[in-house]
Number of protein chains: 2
Amino acid sequence: MLLLRDMSKYDSDLDLCFSALGDPTRRRILERLARGEATVSELADPHDMALPSFMEHLKKLEAAQLITSKKQGRTRICSLSPTAFVPARDWLSEQSTIWEGRLDRFDDYIQTLMEERNK
Amino acid sequence: MLLLRDMSKYDSDLDLCFSALGDPTRRRILERLARGEATVSELADPHDMALPSFMEHLKKLEAAQLITSKKQGRTRICSLSPTAFVPARDWLSEQSTIWEGRLDRFDDYIQTLMEERNK
DNA sequence: ATAAAAGTTAGGATATTTCCTAACTTTTAT
DNA sequence: ATAAAAGTTAGGAAATATCCTAACTTTTAT
């Protein structure tokens, strides 16, 4: 099964994704793009930052496959990637599920202890 | 309403949280802790890394409120924080919801498909 | 009472990240 | 044909992150 054979690719995808999400400027960009596509200047406008610095953030988002972009004439239009948050959400859900499953087992254990005591 | 008054704290919480998740060593630690609490050495064992380096990762996870720990005698026991993934999941869900709620989302999707096909 | 175990602290090397300015290319408007 | 607009590239400063070794403290086992 693929899942167990080579996690490293998925792993480095998640590295890029979560690291990209770990910066407030980049989350602002994603929040903006969730509402619709925008050009580089439109995105940069609310951010008090030199354009080349801002572009670095866009590059990271694109490397993390969180956004896509295409050039139209002299302007570049950026969009949120349709599957942007899927890998991150999946990882978080999986861990939560495991965690919650463990709590249930703990409840079972307590339950068993109580029953033993009441014999 | 608190939501609009000071996002900066929540923002920096999310910075710490997502940044912490952006490292494979730290995700391995969380995956381990989702299955139950463990001491520092138990956690460190599978990682080929000097203990002080490893401890830095634990510190980051604790600063991000993803784990908690308590000292018992000379050993420290670490646990996954019960609410560990809630803020991250909430942010991702919110963005997904906004994105999915866009009226023109489907049109965009078709547009993208067409463009892909004509390449 | 010593020694071993389990962390912790201090200090340092190297790489990456995050910002900047200046100069450049390509496209569009006058 | 020029100039302005929208990005892009190059190069560099400063801060942060990620690792290390060596030396230290506290607790437990012999």
Side-chain angles (χ1 to χ4, degrees), chain A residues 8 11-33 36-80 88, chain B residues 8 11-33 36-80 88:
Chain A
S8 58
D11 218 66
S12 67
D13 281 356
L14 279 181
D15 288 355
L16 291 175
C17 176
F18 280 126
S19 298
L21 292 170
D23 178 275
T25 298
R26 290 193 290 263
R27 286 199 308 282
R28 290 301 85 70
I29 295 170
L30 294 172
E31 286 162 1
R32 167 65 189 76
L33 288 178
E37 56 182 31
T39 67
V40 169
S41 334
E42 282 166 0
L43 288 174
D45 190 54
H47 300 272
D48 185 20
M49 188 181 291
L51 199 53
S53 313
F54 185 78
M55 291 288 298
E56 285 299 309
H57 288 297
L58 291 181
K59 270 184 205 152
K60 290 220 166 150
L61 289 170
E62 200 153 8
Q65 301 179 51
L66 290 167
I67 71 171
T68 59
S69 74
K70 57 193 171 191
K71 196 110 183 222
Q72 266 182 18
R74 67 182 157 175
T75 79
R76 176 174 295 281
I77 296 173
C78 303
S79 328
L80 193 63
Chain B
S8 57
D11 218 66
S12 66
D13 281 357
L14 278 182
D15 288 357
L16 291 175
C17 176
F18 279 126
S19 298
L21 292 171
D23 178 275
T25 297
R26 290 193 290 263
R27 285 200 308 284
R28 288 303 84 72
I29 295 171
L30 294 172
E31 285 163 1
R32 166 65 188 78
L33 288 177
E37 58 182 30
T39 67
V40 170
S41 333
E42 282 166 359
L43 289 173
D45 190 54
H47 299 272
D48 185 19
M49 189 181 290
L51 200 53
S53 312
F54 186 78
M55 291 287 299
E56 284 300 307
H57 288 296
L58 291 181
K59 269 184 204 152
K60 290 219 165 148
L61 289 170
E62 200 152 9
Q65 300 179 56
L66 290 167
I67 70 171
T68 58
S69 73
K70 57 191 171 192
K71 196 108 185 225
Q72 267 183 16
R74 67 183 157 173
T75 78
R76 177 175 295 281
I77 297 173
C78 303
S79 329
L80 194 62

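When the P atom of C:dT21 is taken as reference, atom CG of A:Asp48 falls 11 Å away, rounded to whole Å. Rounded to whole angstrom, the span from the CG atom of B:Asp23 across to the C1' atom of C:dA15 amounts to 14 Å. Spacing between atom CG of A:Asp15 and atom C1' of C:dT17 amounts to 15 Å, rounded to whole angstrom units. Atom P of nucleotide D:dT18 and atom CE of B:Met49 are separated by 9 Å, given to the nearest angstrom. Rounded to whole Å, atom C1' of C:dT9 lies 10 Å from atom CE of B:Met55. We find that CZ of A:Phe54 is positioned 14 Å from P of D:dA6, with the value rounded to whole Å.
Nucleotide C:dG12: paired with D:dC19 (Watson-Crick or G-U wobble, both distances less than 3.5 Å). Using the Watson-Crick or G-U wobble rule with both distances under 3.5 Å, D:dT30 pairs with C:dA1. Across all strands shown, D:dT25 forms a Watson-Crick or G-U wobble pair with C:dA6, both key distances being under 3.5 Å.
Between B:Thr75 and A:Ala50, the one whose closest nucleotide on DNA chain C sits nearer the 5' end is B:Thr75.
With C:dT26, D:dA22, C:dC20 as the candidates, the nucleotide lying closest to the side chain of B:Pro52 is D:dA22. When distances are taken from the side chain of A:Arg74 to each of C:dT17, C:dT27, D:dT21, the shortest belongs to C:dT27.
A salt bridge links A:Glu56 to A:Lys59: at least one charged side-chain nitrogen sits closer than 4.0 Å to a carboxylate oxygen.
Residue B:Ser53 is in base contact, counting any heavy-atom pair closer than 4.0 Å across all strands shown. Across all strands shown, A:Thr25 has no heavy atoms under 4.0 Å from either base or sugar-phosphate atoms.
Nearest heavy atom pair, residue A:Asp23 against residue A:His57, reads OD1-CE1, 3.6 Å. Scanning both residues, B:Leu58 and B:Cys78, for their nearest heavy atoms gives CD1-SG, 4.4 Å.
In this structure, CG on A:Leu16 lies 10.5 Å from CG on A:Asp11, to the nearest 0.5 angstrom.
At least one side-chain nitrogen or oxygen of B:His57 sits closer than 4.0 Å to the OP1 or OP2 atom of D:dC19. Within the structure, a side-chain polar atom (N or O) of A:Lys71 is placed less than 4.0 Å from OP1 or OP2 of D:dT8. Residue B:Arg26 has a polar side-chain atom (N or O) positioned under 4.0 Å from OP1 or OP2 of D:dT18. For the pair A:Lys59 and D:dT8, the criterion of a side-chain N or O lying under 4.0 Å from OP1 or OP2 is not met. OP1 or OP2 of D:dT8 lies within a sub-4.0 Å distance of a side-chain N or O belonging to A:Arg76.
For the side-chain contact (heavy atoms from CB on, under 4.5 Å) criterion with B:Gln72, the lone passing option out of B:Arg76, B:Arg74, B:Lys70 is B:Lys70.
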